[in-house]
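Before any comments, here is the structure.
Below, read A as the first sequence line, B as the second, and so on, with proteins coming before strands; counting in each chain starts at 1.
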Protein chains: 4
Amino acid sequence: MIQLQQRSSSPIYEQIVEQMKELVAKDIMKAGDKVPSVRELSSTLLINPNTVSKAYQELERQGVIQTIRGKGTFVLEPSVPRMAAERIEALRHELQRLTVEAKHLGMTKAQFREMVDEASHMLGEGYHAAD
Amino acid sequence: MIQLQQRSSSPIYEQIVEQMKELVAKDIMKAGDKVPSVRELSSTLLINPNTVSKAYQELERQGVIQTIRGKGTFVLEPSVPRMAAERIEALRHELQRLTVEAKHLGMTKAQFREMVDEASHMLGEGYHAAD
Amino acid sequence: MIQLQQRSSSPIYEQIVEQMKELVAKDIMKAGDKVPSVRELSSTLLINPNTVSKAYQELERQGVIQTIRGKGTFVLEPSVPRMAAERIEALRHELQRLTVEAKHLGMTKAQFREMVDEASHMLGEGYHAAD
Amino acid sequence: MIQLQQRSSSPIYEQIVEQMKELVAKDIMKAGDKVPSVRELSSTLLINPNTVSKAYQELERQGVIQTIRGKGTFVLEPSVPRMAAERIEALRHELQRLTVEAKHLGMTKAQFREMVDEASHMLGEGYHAAD
DNA sequence: GTGGTCTAGACCACC
DNA sequence: GTGGTCTAGACCACC
């Protein structure tokens, strides 16, 4: 399910973190689901176990997964996310940066918003609480 | 006008690139304006001239500024951006990534859109040509 | 395989870029081949690693080589070249300049063409697809 | 007749040298013709006289023009060019470099030759000596 | 091991 | 004055 681009400029461990979060965000992986063990995933992806380990540590730090000693690693209930305030600030800042780039690419507000809508269809409507 | 965060994970030269692009996007710096010389900015920011130079070279590659021999460095007319196709693809991908993060932070589509609108007020409406 | 002329007016990093492109154009280095590491080449050529690094970054920007984190740097498949339109225009302009020089050297069209043919034997015939 | 691009990456004095040689190669300026004085050309082009002076020195070194004390500067008879052997070697080398670039741009020998022919129409046919 | 970033500072070309 | 190139060498992230 995870596909690496060895030639990408973003480090492999970050690619794993991002894609794992994407799978969870899209409900392809749900709370309680077991994620592959470090050994399993590293041998599937043909990469160093340390790299997978680093990714899982980051996911755990972000509250996405949890390792239970001797049982394995599992997707967590979506809950109050760790470091929410900081991460929201970071999100705001990155959106700001993307807007600057859009401006330099000559995009209008409408075009940018369309691109946002395309990307954000996975988000809930928000009439009822986020599940 | 440029403020560095020495402890940030993004390199200094990138911070300069981003902030310079932001100043241009917000029309605080306009086509024809002279940007500080390499020496001047490096001594203001208390960093090495090479670091400023690297930032300026990147900005030149992106078509934001232009160096005129012995005269200095100037903001360029906004024109056909370099490598537009690739950069638009990258923008789309980063928006996708931010949406995933928004989902993990429990945001709804409406909340995310609001944050986008906040960030994107600098973009033109596009009803009339971009001036 | 790379030979520098310290006294040349063209900078060392450009000499490396040109010669590397020549090796690739002549199929002496092929897609997938590993190029020497920055440290290795710099110690072979007795120059600073930063200079090699600068050359490699330029080659990467031109789509000739690719760096894979922690693994090394490799020759890329020849593909759609970056900034093809601009580079073709530059090529046309430089050919124009060389023709002017040939005229000043008293060369005839036939002599110039002969010199061109000598230089261009590496180019494919184009009857069949490239490769 | 001479048009400078302040924003070009090639220095102004080189642009003057090249364009002057182009005018001569195209027979727009002929042997015996007076070229503008340093002061005149510098005030026409709105540049520093030193820059024009440097260009004229280079043109004189190449045997294109000659300054006659108190009379002015004139286009020379095309004669045995100065440093012909070296300049032919340099020409050969630059053609080699352009071929490498053409190869990287995916051009075939036929396409490259066509571009050469386009550029070299100013050269004589060579049935009779180059005048 | 690999490449990327940064500093401190020299030297040079151009104007 | 301006920016471009290069060296010597430190420190870091990634694998």
*asked:* Taking CZ in Arg61(C) as the centre, count heavy atoms belonging to other residues, nucleotides or ligands within less than 6.0 Å. Is the count above 12?
replied: yes
_Between Lys54(B) and dT5(E), is there a contact of a side-chain N or O with OP1 or OP2 at under 4.0 Å?_
yes
*Side-chain N,O (Ser53(B)) to OP1/OP2 (dG4(F)) below 4.0 Å*: yes
_Comparing Lys34(B) and Gln6(C) on DNA chain F - which has the more 5′ nearest nucleotide_ = Lys34(B)
*Among the candidates dG4(E), dC15(F), dT5(F), find the nucleotide nearest to the side-chain atoms of Pro11(C).*
dT5(F)
*Does a side-chain N or O from Thr51(B) land closer than 4.0 Å to OP1 or OP2 of dT7(E), or not?*
yes
*asked:* Does dT2(F) have OP1 or OP2 under 4.0 Å away from a side-chain N or O of Ser37(B)?
replied: yes
_Within the 4.0 Å heavy-atom criterion, would you say Ile47(D) contacts the bases, only the backbone, or no part of the nucleic acid?_
nothing
*Nucleotide dG4(F), atom P - distance to CG of Asn48(C) in whole Å*: 19 Å
*Whole angstrom value for the distance that separates P of dG3(F) from CG of Leu59(B)*: 13 Å
*Over how many whole Å does the gap from Arg39(C) atom CZ to dG9(F) atom P extend?*
14 Å
*Nearest-Å distance, CD (Gln57(C)) to P (dG4(E))?*
5 Å
*Report the distance from atom CG of Asn50(A) to atom P of dC15(F), rounded to the nearest whole Å.*
11 Å
*Please tell me which of the listed nucleotides, dG3(E), dT7(E), dC14(E), lies nearest to the side chain of Tyr13(D)?*
dC14(E)
*asked:* Can you confirm whether Lys34(C) is buried at NZ, in the sense that more than 12 heavy atoms of other residues, nucleotides or ligands lie under 6.0 Å from that atom?
replied: yes
*For dG4(E), which nucleotide is its Watson-Crick or G-U wobble mate, given both distances must be under 3.5 Å?*
dC11(F)
*asked:* Check the phosphate of dG3(F) against Thr73(B), side-chain N and O only, distance under 4.0 Å to OP1 or OP2. Yes or no?
replied: yes
*Whole-Å distance between dG4(F) P and Ile65(B) CD1?*
9 Å
*asked:* Does this structure show an ion pair linking Lys21(C) with Glu18(C), if we count only N-O contacts that are shorter than 4.0 Å?
replied: no
*Can you find a side-chain donor-acceptor pair between Glu58(D) and Gln62(D) that sits under 3.5 Å?*
yes
*To the nearest Å, give me how far apart CD (Gln66(B)) and P (dT2(F)) are.*
18 Å
*Within less than 4.0 Å of OP1 or OP2 of dG3(F), is there a side-chain N or O belonging to Arg69(B)?*
no
_Residues Glu94(C), Arg97(C): salt bridge by 4.0 Å N-O rule_ = yes
_First encountered from the 5' end of DNA chain F, between Ser10(A) and Ile68(B)_ = Ile68(B)
*How long is the line joining CD1 of Ile12(D) and C1' of dG3(F), in whole Å?*
14 Å
